[in-house]
Number of protein chains: 2
Amino acid sequence: MAIKRHNPHACDAWQLLVKFSFTQNTQVSPLAAELELSPAQCHVLRLLEPDKPIPMRQLADGLCCDASNVTGLVDRLESKGLVRRTASDEDRRVKVIELTPKGARLRAAFMERMAAPPEGLERLSVREQQTLVRILARLLE
Amino acid sequence: MAIKRHNPHACDAWQLLVKFSFTQNTQVSPLAAELELSPAQCHVLRLLEPDKPIPMRQLADGLCCDASNVTGLVDRLESKGLVRRTASDEDRRVKVIELTPKGARLRAAFMERMAAPPEGLERLSVREQQTLVRILARLLE
DNA sequence: TATTGTTATACTCTATAACTATA
DNA sequence: TATAGTTATAGAGTATAACAATA
């Protein structure tokens, strides 16, 4: 792979990030179960920032899945009282989805639990933490 | 959150990593479809390093799922000719799973595609890349 | 004509519970 | 008794195709 030959450190860093994301992803399931949600439902809640209603089409894009899935996904979240469907005024084909107060609370609980930093992070010096933030921000922008 | 007050940079870094892992995870689905696999099947292949057979129980642990799922998952991968079941000699309750040559090729294709570094990585200086590798390695060890 | 959301369908994933074989 | 793997079951996730309403 040409890129690897020319840029070994970039590839090392990327592989570590990818490995991390795989591991991190397996943590979603048990946490979701604890909150009585499915992993897919957690991903929907994650995409729904409080007070920012978005069309169902945009949810499908964010989940990288077919639009037909979103119907059932939103159905189940709505029956749990976590989200609301509203017809759009501008385009009457569109339905926008927003969190209910209950949904917003559950979303906050999920995000906080996912964002709980691991032990390892404490071992880094403040300077290293700052460096990491700066580099990641540029990398993921 | 006490940890956030005392350690804002650590939390910033962690939140960026978590956000990255969510985004990265959505990339698995389309890639899996391209390889004619399900996301779950890709995760099994990922856990099966070439020439390192592992018990089904260990697969369940790695996937953070119930052991009963692994039966069907391995069934389907086996019928595709990607993995092999073998009875263990030491403990006759155990079945160890290993990649077939075809499975190893598909695993390599998946891992290589997932590990393809993004544009942003090229924008970092070599020094920054090295720093990132060093910090991530300590963080994820 | 193209797009948004829905429905029907078929298949996969998943946890639970009950089971067999082995330790 | 405890553990590894299987089976049956029920519910959820998923893509495909066809559809109605709207743009």
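Naming: A, B, ... by sequence-line order, numbering from 1 per chain.
Between Thr71(A) and dG5(C) there is no side-chain polar atom (N or O) within less than 4.0 angstrom of OP1 or OP2. Phosphate proximity of dA2(D) to Arg93(B): absent, as no side-chain N or O sits under 4.0 Å from OP1 or OP2. Contact between the side-chain N/O atoms of Arg76(B) and the OP1/OP2 oxygens of dC13(C) is found at a separation under 4.0 Å. The phosphate of dT22(D) has OP1 or OP2 within less than 4.0 Å of a side-chain N or O from Arg92(A). Contact check, Ser38(A) against dA12(D): no side-chain N or O comes under 4.0 Å of OP1 or OP2. A sub-4.0 Å separation between OP1 or OP2 of dT6(D) and a side-chain N or O of Arg85(B) is present.
In this structure, Ser68(B) reaches the bases: a heavy-atom distance under 4.0 Å links it to at least one base atom across the strands shown. When heavy atoms are screened at a 4.0 angstrom cut-off, Asp91(B) is found touching the sugar-phosphate backbone but no base atom. Within 4.0 Å of Asp66(B), counting heavy atoms only, lies at least one base atom of the nucleic acid.
Ion pairing between Glu128(B) and Arg134(A) holds under the 4.0 Å rule for side-chain N and carboxylate O. Between Glu78(B) and Arg85(B), at least one side-chain nitrogen of the basic residue sits less than 4.0 Å from a carboxylate oxygen of the acidic one, meeting the salt-bridge criterion. The pair Arg113(A)-Glu34(A) counts as a salt bridge, with a side-chain nitrogen and a carboxylate oxygen less than 4.0 angstrom apart.
Separating the CG atom of Leu37(A) from the C1' atom of dG11(D) is a distance of 15 Å, rounded to the nearest angstrom. Rounding to whole angstrom units, CG of residue Asp61(A) and C1' of dT3(C) are separated by 12 Å. For the pair Glu78(A) CD and dT6(C) P, the computed distance is 9 Å after rounding to whole Å. Following rounding to the nearest Å, Lys95(B) (NZ) and dA21(C) (P) show an atom-to-atom distance of 12 Å. The CD atom of Gln58(B) sits 15 Å away from the C1' atom of dG5(D) (whole-angstrom rounding). The interatomic distance linking Leu35(B) (CG) with dT12(C) (C1') rounds to 17 Å, in whole Å. Atom-to-atom, CG of Leu73(A) to P of dG11(D) comes out at 18 Å; the value is rounded to the nearest Å. dT3(C) atom P lies 18 Å from atom CE of Met56(A), rounded to whole Å.
Residues Trp14(A) and Phe20(B) place their aromatic rings such that the two centres sit under 6.0 Å apart.
Within the cation-pi definition used here (under 6.0 Å to the ring centroid, within 45° of the axis), Arg46(A) does not qualify as a partner of Phe110(A).
Heavy-atom nearest nucleotides on DNA chain D were determined for Cys65(A) and for Asn69(B), and the one closer to the 5' end corresponds to Asn69(B). Sequence order on DNA chain D of the closest nucleotides to Asp89(A) and Ala40(A) puts Ala40(A) first from the 5' end.
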